[in-house]
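In what follows, every chain begins at residue 1, and chains take the letters A, B, ... in the order their sequences are listed. We use all heavy atoms of the structure for the numbers below, so side chains are in, but hydrogens, waters and symmetry mates are not.
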Protein chains: 2
Amino acid sequence: MGAEGHADGTVGKALDVLDMVASHGRPVRFSELLTESAFPKATLYRFLQTLTHQGMLAHDPDRGTYSLGVRLVRLAHAAWAQSSLAPIARPYVDELAEKTGETIHLAQMDLGQVLYVDKRNAARPVEMFAQAGKVGPAYCTGVGKAMLAYLPEEALEAALARQSFHRHTEHTLDSPAKLRTELKAIRARGHAFDREEHEPGIICCAVPILSRAGRAIGALSVTSTTARTTLAALEARAGLIKDIAARISAEAESWRFPEQG
Amino acid sequence: MGAEGHADGTVGKALDVLDMVASHGRPVRFSELLTESAFPKATLYRFLQTLTHQGMLAHDPDRGTYSLGVRLVRLAHAAWAQSSLAPIARPYVDELAEKTGETIHLAQMDLGQVLYVDKRNAARPVEMFAQAGKVGPAYCTGVGKAMLAYLPEEALEAALARQSFHRHTEHTLDSPAKLRTELKAIRARGHAFDREEHEPGIICCAVPILSRAGRAIGALSVTSTTARTTLAALEARAGLIKDIAARISAEAESWRFPEQG
DNA sequence: GACAAAGTTTCACATAATGGAACCAAAAGG
DNA sequence: CCTTTTGGTTCCATTATGTGAAACTTTGTC
């Protein structure tokens with residue numbers, strides 16, 4: 001029975017339908033949606049009509065399928081532009097990618113989760129958005145820990161409460177206590193590691209992007225594999241990453257708060 | 001009043017609120033939204049609450065501002081990957097840009113408006129996303145007319161009703177009648193022109209990207225200025241543009257519907 | 001031509017949205 | 001320190017809106 005949870009209000013239900021379509025990753029038939037949703041026929045039908053009429057979904061009358069609509073694409077651009085760090089940081093991220101030749105992640109914190117807002121892949125030189133936009137856990141990723149380390153106590157508390165502490169690998173820090181110890185170490189040295197805590201073989205070195213007030217407004221990381229490099233070699237890059245992060249920070253500060261003394 | 005139009009249903013209204021927040025491009029205060037929306041205080045407030053609770057918006061309690069939320073970013077990401085021509089068309093657009101050396105636009109139709117999903121600028125070689133995402137009128141742009149020309153009658157009707165027919169320049173087609181005549185000519189020759197109809201000095205040649213069923217799923221255009229070239233010279237490129245458009249179409253078709261006979 | 005499956009419309013009913021007004025908190029101003 | 005204003009949140013009677021079983025219309029199948 002509805003593993004989901006709280007779907008209160010008409011708007012909430014409509015958004016659930018949207019999510020359902022999105023989760024398929026391809027055009028879906030009405031009947032497919034009907035079988036997997038708890039909504040009665042007519043209700044589901046009306047939601048699909050409304051969402052289509054609103055441009056959030058697109059209906060292909062020939063094939064009788066629904067897919068995500070252009071209005072969402074437009075919102076995608078707005079969201080991208082508004083997640084402020086990405087457009088500002090772009091040239092700096094490019095620079096870091098070029099200098100290291102490794103995979104770069106730019107992330108922001110949202111409700112205890114990590115939101116990747118930009119990415120440069122080592123293999124495929126310029127790919128984007130298709131990669132960005134993903135969300136991930138904070139407690140077991142480099143960027144996540146880097147940002148958690150600079151959260152004010154109250155916000156940290158809230159964020160920790162939202163972590164699953166699922167043990168992805170044998171190195172995963174699987175309790176708030178262990179994580180807090182690690183966060184202290186991160187603050188001491190100014191950068192965070194991912195020691196195969198999320199995926200085996202994947203390591204990274206991450207640095208927070210701090211506002212003037214000392215809050216983490218994002219994080220930047222260089223990722224690689226144990227097959228190709230070592231944690232020590234990645235740490236050698238920490239200075240460079242911090243430098244780039246500082247420049248992004250300065251740029252962001254002047255952009256977001258042009259008027260100040 | 002309310003220049004907008006038909007905002008039917010609760011869901012539609014909520015989405016309008018979403019759009020409103022998105023359109024600001026920065027975190028917005030409740031009161032700002034209140035002044036520019038027609039909704040009464042309590043109603044607007046409830047929508048904001050709902051959308052925030054649903055993760056479509058994020059509320060910053062310190063500053064008391066609303067911005068786009070993670071769920072939206074996730075949906076937007078999916079929409080970009082699934083429903084936008086941009087990722088599929090990218091290599092072909094690159095090719096066209098290189099071969100022509102002119103500004104290229106890739107657009108899709110969004111409720112009677114043109115949504116630019118990718119762009120290559122003649123001057124600055126690789127700029128993107130920041131530029132893309134803009135919306136423009138359909139009745140006075142090359143890509144817009146190219147797509148309108150291949151809309152089924154019913155959809156065309158709806159789209160025409162949404163055009164302002166504002167006379168941007170002396171060449172603007174400023175009535176549905178004139179536009180319909182033009183659309184017929186476009187269908188006859190397979191490509192559309194922008195004869196300085198939107199901005200003086202700006203001309204373009206645009207081609208629709210058609211699905212197998214003959215529907216316009218997007219449009220592709222080469223833009224230049226009267227200072228640098230002529231309409232005739234642009235038309236000489238029509239064959240090339242059509243070729244590229246056909247290849248994008250084929251790619252899109254096979255991508256969206258992998259299983260078919 | 002009969003049968004089934006998928007999709008669309010209807011309509012009596014109840015839930016859920018509505019918005020004016022009251023309320024609260026925190027600045028501004030005297 | 002007390003008043004006023006501005007910005008934000010909660011109440012609650014009213015009614016518009018959403019609801020979903022069932023009937024109906026395609027469209028496809030044997």
Once side-chain hydrogen bond (donor to acceptor under 3.5 Å, both in side chains) is applied, do any residues pair with [X], and if so which ones, sequence neighbours excluded?
| X | value |
| --- | --- |
| B/R26 | B/E32 |
| B/R189 | none |
| A/Y139 | A/S164, A/H168 |
| B/D174 | B/R167, B/K178 |

Task: Carboxylate-amine/guanidinium proximity below 4.0 Å for B/R29 and B/E36 - done: no

Starting at atom [atom1] of [X], determine the distance to atom [atom2] of [N], rounded to an integer number of angstrom.
| X | N | atom1 | atom2 | value |
| --- | --- | --- | --- | --- |
| B/H59 | D/dG8 | NE2 | P | 9 Å |
| B/R29 | D/dG7 | CZ | C1' | 9 Å |
| B/R63 | D/dG7 | CZ | C1' | 17 Å |

- [ ] Heavy atoms under 4.0 Å is the rule here; annotate nucleotides 17-30 of chain D 5' to 3' with B where the base is hit, S where only the sugar-phosphate is, and - elsewhere.
- [x] SSBBB---------

[X]: what forms a side-chain contact (heavy atoms from CB on, under 4.5 Å) with it, not counting sequence neighbours?
| X | result |
| --- | --- |
| A/Y45 | A/F30, A/Q49 |
| B/A38 | none |
| A/A219 | A/V143, A/A146, A/M147 |
| A/D19 | B/R71, B/L75 |

Task: Selection residues 37-59 of chain A - residue pairs positive for salt bridge (Lys or Arg N to Asp or Glu O under 4.0 Å), sequence neighbours left out - done: none

- [ ] Treating a pair as Watson-Crick (purine N1 to pyrimidine N3 plus N6-O4 or O6-N4) or G-U wobble (N1-O2 and O6-N3) with both distances under 3.5 Å, list the stems of 3 or more consecutive pairs that involve DNA chain D.
- [x] C:1-7 with D:24-30, C:9-30 with D:1-22

Open item on the list: Less than 4.0 angstrom between a side-chain N/O of B/Y45 and OP1 or OP2 of D/dT9, yes or no?
Closed with: yes

Task: Where chain A begins and ends its contact with DNA chain C, read 5' to 3' at 4.0 Å from heavy atoms - done: C/dG7 to C/dA17

